Participant: 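First the structure, which I've put down as structure tokens, then a few questions once you've had a look.
For clarity, every value in this text was computed on a predicted model and none was experimentally measured. Worth knowing before you read on, the calculation uses all heavy atoms, side chains too, and leaves out hydrogens, waters and symmetry mates.
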Amino acid sequence: MKTNPFIVLLIAAASFTSIHAQVSKQVLLKLQPGETILTSESCVEITAQGNSLYVVTQQGSNVYVYEGSQRKGPFKSFDAARIKNCGSYNNDACAVYEAEDSEIQEFISSADDGKMAIKFNGKSYGPYKFIKELFVSNDKSTFVATVASDDMKFFIVTPEGTIKPASGSVHSVSVSRSHKKFIALEKENEGVDPSLMNADFSNMTTEQLMKMAKEMEEKQKNAGEPKAYVYTNGGKKFGPYPVGSVSDNNPAFCKTGGDNWYMVLDNVLYINGLKVKEFNDISPSACNVWISADGKRWMVSDYDKMVFSDGSKYSAPIKISTENKEGKTILKWVSFENEKELISYSREL
């Protein structure tokens, strides 16, 4: 049977629509010829109710101020224009989720010898030399803790079990918004050997100190370049990674990404430890990666452009925000395009 070419076109159009999310676009402002936006003096706020603009521009030696749809000027100086302070409007929105400190005193007990234990839902965990970090979920159903043993080895404790990095070192721990997932960053062969924390240097001779220093130098040399590993729930281990490529917020959880963690190494995006995308024309940082709650879709940006997982590209955002609507994550942003237009966009992540 001969296929109707019109039907083929309809099917192709439907497939394209399902791949690329619907985008809302609105031109907020058009500049005059030769006029440029002074971003550090301008205030752009994106809210669920709408966008608020206070835009300062320069055209030749003249200064102009756009407030809403009204253009004021020309002014000969910033003082004459009475430029207002933007306050927190110009703070960059970072995608990294950072859990707030928990009120932990009710979950910790101390013994006469100074050791500490975690008391949680009728169970006791410990004792430990001390508790470095403790994150408790809002519903108090679970926790994640970093603790130290008597020999100053650090490990992670959860109600499901204990994870002990081979090096005895935990550089940092992050938890997802639900606190049900965590990532612990281990850096091997870097910094002070934990065993030195208990060493009594006051009773050592100069020869003993020199010998110890030489042994430590030899140990460091044989260990090779420092390596980093990531531990997650159940003791799953990822790596090794170059120490210089990771940090306290890379790997991280995303404000929109649910229990999915991610990291950016050498312009490569990883989600839950798996390589997702290698970028050749963009250099994202962890702050500029937004992930959907199921971890299947993403958006990354840098100073030049922003790219979505469906392949669509836009100019880099001047300002970006997120909104949860009917179980969906909506990205809203404002970009300056064509050297004359300030445009507002909105689309599902």
Side-chain angles (χ1 to χ4, degrees), residues 96-201 226-239 241 243 246-255 257-261 263 273 286:
V96 172
Y97 171 72
E98 296 184 74
E100 296 181 0
D101 293 336
S102 303
E103 294 292 334
I104 61 176
Q105 295 308 314
E106 63 176 296
F107 304 104
I108 294 179
S109 64
S110 299
D112 293 339
D113 59 1
K115 291 186 178 181
M116 308 171 76
I118 299 171
K119 304 292 184 180
F120 196 82
N121 290 342
K123 295 182 179 179
S124 179
Y125 302 83
Y128 312 112
K129 187 175 183 65
F130 65 86
I131 299 170
K132 181 182 177 183
E133 296 172 291
L134 176 61
F135 300 98
V136 179
S137 61
N138 290 334
D139 62 4
K140 298 183 180 180
S141 63
T142 189
F143 74 88
V144 178
T146 309
V147 301
S149 59
D150 289 341
D151 57 356
M152 290 301 295
K153 299 274 178 119
F154 290 88
F155 50 98
I156 305 103
V157 178
T158 71
E160 290 72 39
T162 298
I163 299 172
K164 295 184 176 182
S167 67
S169 172
V170 178
H171 180 77
S172 62
V173 173
S174 301
V175 295
S176 64
R177 191 179 293 274
S178 71
H179 286 54
K180 293 180 180 178
K181 298 291 183 179
F182 73 88
I183 45 178
L185 181 61
E186 173 196 20
K187 292 186 176 182
E188 286 188 346
N189 309 330
E190 184 184 64
V192 178
D193 189 325
S195 63
L196 295 179
M197 299 295 289
N198 289 329
D200 185 2
F201 297 103
K227 299 179 180 65
Y229 296 88
V230 176
Y231 290 83
T232 65
N233 296 66
K236 195 169 184 179
K237 183 179 180 181
F238 297 86
Y241 307 110
V243 165
V246 298
S247 62
D248 289 349
N249 67 350
N250 184 38
F253 288 99
C254 182
K255 291 176 180 176
D259 289 329
N260 302 285
W261 63 277
M263 61 181 174

Participant: Rounded to the nearest 0.5 Å, what's the gap from NE2 on His179 to CZ on Phe135? Could you check?
Facilitator: 7.0 Å

Participant: Mind checking the OG-CG spacing from Ser174 to Asp248? Nearest 0.5 Å is all I need.
Facilitator: 7.5 Å

Participant: Looking only at the side chains, is there a donor atom on one of Thr158 and Asn233 sitting less than 3.5 Å from an acceptor on the other?
Facilitator: no

Participant: Can you tell me how far apart CG (Asn121) and OG (Ser141) are? Round to the nearest 0.5 Å.
Facilitator: 8.0 Å

Participant: Restricting to side-chain contact (heavy atoms from CB on, under 4.5 Å), what partner residues turn up for Ile131, sequence neighbours left out?
Facilitator: Ile108, Met116, Ile118, Tyr128, Leu134, Val147

Participant: Does Lys180 NZ have over 12 foreign heavy atoms under 6.0 Å away?
Facilitator: no

Participant: Quick check for you: to the nearest 0.5 Å, what is the distance between Asp113 atom CG and Lys129 atom NZ?
Facilitator: 9.5 Å

Participant: For the rings on Phe143 and Tyr125, is their centre-to-centre separation under 6.0 Å?
Facilitator: yes

Participant: Are more than 12 heavy atoms from other residues, nucleotides or ligands located less than 6.0 Å from atom CD of Glu98?
Facilitator: no

Participant: Of all the heavy-atom pairs spanning Ala252 and Val96, show the shortest one and how long it is.
Facilitator: CB-CG1, 3.8 Å

Participant: Which atoms form the tightest heavy-atom contact between Pro127 and Ala117, and what is the distance?
Facilitator: CA-CB, 4.4 Å

Participant: Relative to the ring of Phe107, is the ring of Phe120 parallel (under 30°), tilted (30 to 60°) or perpendicular (over 60°)?
Facilitator: tilted

Participant: Give the minimum heavy-atom separation between Val246 and Ala228, together with the two atoms involved.
Facilitator: CG2-CB, 3.7 Å

Participant: Could you state the interatomic distance from CZ (Phe182) to CH2 (Trp261), rounded to the nearest 0.5 Å?
Facilitator: 11.5 Å

Participant: Might you point out which heavy atoms bring Gly258 and Ser176 nearest each other, and give the distance in Å?
Facilitator: O-CB, 3.7 Å

Participant: I'd like to know if the side chain of Asn260 and the backbone of Gly257 have a donor-acceptor N/O pair within less than 3.5 Å.
Facilitator: yes

Participant: Compute both the distance and the angle, then confirm whether Lys132 meets the cation-pi test with Phe154: under 6.0 Å from the six-membered ring centre, within 45 degrees of the axis.
Facilitator: yes

Participant: With side-chain contact (heavy atoms from CB on, under 4.5 Å) as the test, would you mind laying out the steps for Tyr241 and Val230 before giving the verdict?
Facilitator: CA-CA 9 Å; Tyr241 307 110; Val230 176; 4.0 Å; yes

Participant: Which heavy atom in Ile163 sits nearest to a heavy atom in Gly235, and how many Å separate them?
Facilitator: CD1-N, 3.3 Å

Participant: If I compare all heavy atoms of Ser169 with all of Glu186, which pair ends up nearest, and what's the gap?
Facilitator: O-CG, 3.4 Å

Participant: Check the pair Lys153, Lys164 against side-chain contact (heavy atoms from CB on, under 4.5 Å), reporting the backbone distance first and the verdict last.
Facilitator: CA-CA 9 Å; Lys153 299 274 178 119; Lys164 295 184 176 182; over 6 Å; no

Participant: Rounded to the nearest 0.5 Å, what separation is found between the CZ atom of Arg177 and the SG atom of Cys254?
Facilitator: 9.0 Å

Participant: Report yes or no: does Ser137 contribute a side-chain atom to a donor-acceptor pair with the main-chain N or O of Ser178 at less than 3.5 Å?
Facilitator: no

Participant: Determine whether Val170 and Tyr231 make a side-chain contact, defined as any pair of heavy atoms from C-beta on separated by less than 4.5 Å.
Facilitator: no

